[in-house]
**Student:** 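I have a structure I would like to understand better, so I am pasting it below and will then ask my questions one at a time.
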Amino acid sequence: MTLSSSTPVVAYRDGNVLRWAAACTASVGGDVVFFLTLSWAVTRVAGPAQVGAVLAVGAIPRAVLMLAGGVIADRYGPRRVVLGSDLARCLVVFGAAALMQFAGAGLPMLFAIALVFGVIDALFMPAVGALAGRLTDPGQLGRVQGLRMLAVRLSNAVGPMIAAVVLTTAGVAAGFGLAGLLFSLSVGLLLVVRLNRVQPSALSTGSPLGDLQDGLRHLRRNRQLARLVLVVGLGELCFSGPVGVGLVLLTAERHWSAAVLGWTLSAFSIGGAVAGILLTALTRIPRAGVALAGWLLATAALVGALGQVTTVGLLITGSAALGTLSGVASALGNALLQRKTEPRYLGRVGSVTSLCTLGLSPLLYPIAGVVAAAWGTGVFFAGCALVCLLAAATAATRNIRGSEL
């Protein structure tokens with residue numbers, strides 16, 4: 001598909017972008033089903049205590065190899081790397097399904113599956129982020145990120161329910177099989193996705209280490225870009241902490257049921273889907289930097305207030321609002337980041353951003369437990385709100401606030 005630079009196709013009417021969005025939905029859905037199935041399998045084989053260890057074995061190579069994944073995405077092109085890594089994930093998960101069905105895999109095999117999947121994810125994640133910035137005209141990046149947000153949050157809302165039905169009715173092998181089918185669907189859709197030819201790929205012929213150093217120098221030279229990486233990283237931390245562990249601690253502290261937690265997390269995903277729809281419908285954001293700072297400021301206020309709620313209704317409503325506010329802020333930040341990044345650096349810049357969030361987010365979990373035990377969960381939420389205020393202040397600096405989408 002050839003895209004015209006003079007009359008760009010609106011993202012939500014562009015078949016190329018819509019095929020990518022469908023592939024993204026299938027891929028994220030496969031991720032959700034895979035991790036739930038893996039956790040379920042570990043509890044059946046070795047008990048709940050081993051779940052964290054298995055997930056950590058997958059998370060460590062994902063974080064350690066993330067920068068290398070960005071280099072590979074820029075050297076060989078994001079579409080090629082996304083296709084290869086998505087296909088590899090598909091084969092790994094189908095292999096896991098076969099092992100569970102015919103060999104009854106034990107804990108060492110589940111550790112191995114998590115490790116291999118984590119290594120592949122380190123290649124996949126920077127490449128899929130770079131691919132989003134190469135699909136259409138730069139003026140459509142806000143809509144593209146809106147569609148991506150919609151895909152992610154819908155998958156996070158629906159995926160656990162589908163996985164739960166499959167696991168309870170057909171077992172672990174079927175759960176892995178379902179994840180493999182979703183990854184297969186993603187691969188099939190990606191095969192017919194084409195990059196925007198207005199932004200030709202500039203593949204490197206230097207050494208991988210030299211490419212990495214060049215990418216880091218590019219960030220150091222471009223203060224606006226470096227600050228946007230900081231904004232996106234801090235913005236992700238300010239809501240990943242409350243959603244990842246804070247809401248669990250808050251419901252336990254208030255003596256609410258697991259069902260309340262489930263509804264709260266679902267409301268967050270639905271709110272994020274609403275954010276995706278809003279951004280997809282917008283025609284233009286003339287002062288996107290100012291808008292980003294404003295949405296982050298509102299997110300900070302809501303995060304701080306959420307830690308003080310005392311009724312279930314306010315918790316669920318606040319979680320839905322947090323999903324919308326943080327979803328818009330996240331999509332705007334990523335769209336600006338890709339707008340300001342030269343196409344040949346998209347993978348490396350994206351890998352640094354992902355490393356900031358993936359590398360720092362797990363540190364919040366033990367901190368949350370210590371803070372909640374000593375001073376209450378509300379104090380942890382207040383700390384996350386301060387992180388978000390720092391992100392908003394950075395977004396309001398002179399060289400970001402005038403940015404447009």
Side-chain angles (χ1 to χ4, degrees), residues 39 48-53 55-56 59-60 63 156 230-272 292-330 333 353-396:
S39 300
Q50 296 293 334
V51 173
L55 294 180
I60 291 171
N156 286 333
L230 181 62
V231 168
V232 172
L234 291 175
E236 292 285 338
L237 286 176
C238 79
F239 72 83
S240 64
V243 173
V245 68
L247 291 175
V248 176
L249 296 173
L250 187 63
T251 53
E253 188 177 275
R254 302 288 194 270
H255 304 290
W256 291 327
S257 67
V260 170
L261 177 62
W263 280 106
T264 303
L265 294 175
S266 295
F268 177 82
S269 294
I270 292 169
L292 174 58
W295 284 97
L296 285 170
L297 185 62
T299 302
L302 183 57
V303 168
L306 201 59
Q308 306 302 321
V309 299
T310 56
T311 66
V312 169
L314 282 176
L315 180 68
I316 294 174
T317 303
S319 181
L322 179 61
T324 301
L325 293 177
S326 63
V328 172
S330 178
T353 309
S354 297
L355 182 61
C356 290
T357 54
L358 288 174
L360 295 178
S361 291
L363 298 179
L364 291 176
Y365 302 154
I367 292 173
V370 172
V371 171
W375 300 290
T377 308
V379 175
F380 173 70
F381 275 80
C384 292
L386 288 176
V387 172
C388 200
L389 283 175
L390 179 58
T394 306

**Student:** Roughly how far apart are Q308 CD and L315 CG, rounded to 0.5 Å?
**Tutor:**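 So the CD of Q308 and the CG of L315 are separated by 12.5 Å.
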
**Student:** Hey, does L250 have a side-chain heavy atom less than 4.5 Å from the side chain of R254?
**Tutor:** yes

**Student:** Between A395 and V231, what is the shortest heavy-atom contact and its length?
**Tutor:** N-CG2, 3.6 Å

**Student:** Between E236 and S330, what is the shortest heavy-atom contact and its length?
**Tutor:**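 Between these two residues, the closest heavy atoms are OE2-OG, 2.7 Å.
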
**Student:** Please report the interatomic distance CG(L322) to OG1(T264), rounded to the nearest 0.5 Å.
**Tutor:** 11.0 Å

**Student:** To check you understand the geometry: which heavy-atom pair defines the closest contact between G235 and A391, and what is its length?
**Tutor:** N-CB, 4.0 Å

**Student:** Quick one: pull up CG in L261 and OG in S266 and give me the separation to the nearest 0.5 Å.
**Tutor:** 9.0 Å

**Student:** Does the side chain of F268 reach to within under 4.5 Å of the side chain of S326, using non-hydrogen atoms?
**Tutor:**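 Counting from C-beta outward, F268 and S326 do come under 4.5 Å.
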
**Student:** Considering all heavy atoms of both residues, which atom of I316 and which atom of W263 are nearest to each other, and what is their separation?
**Tutor:**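 For I316 versus W263, the nearest heavy atoms are CD1-CB, 3.9 Å.
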
**Student:** Of all heavy-atom pairs between A385 and A300, which one has the smallest distance, and what is that distance?
**Tutor:**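 Nearest pair, atom of A385 first, then A300: CB-O, 3.3 Å.
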
**Student:** Quick one: are C388 and V303 in side-chain contact, heavy atoms under 4.5 Å?
**Tutor:** no

**Student:** Within the 4.5 Å heavy-atom criterion, are F381 and L247 side-chain neighbours or not?
**Tutor:** yes

**Student:** List the atom of L314, the atom of L306, and the distance in Å for their closest heavy-atom pair.
**Tutor:**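 Of all heavy-atom pairs spanning L314 and L306, the closest is O-CD1, 4.5 Å.
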
**Student:** Can you check whether T317 reaches V309 side chain to side chain, under 4.5 Å on heavy atoms?
**Tutor:** no

**Student:** Can L296 and T394 be said to form a side-chain contact (heavy atoms from CB on, under 4.5 Å), step by step?
**Tutor:** CA-CA 10 Å; L296 285 170; T394 306; over 6 Å; no

**Student:** Do L390 and L230 have side chains that get closer than 4.5 Å, going by heavy atoms?
**Tutor:**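 Contact flag for L390/L230 side chains = no.
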
**Student:** Hey, could you give me the CG/CG distance between L297 and L292, rounded to the nearest 0.5 Å?
**Tutor:** 11.0 Å

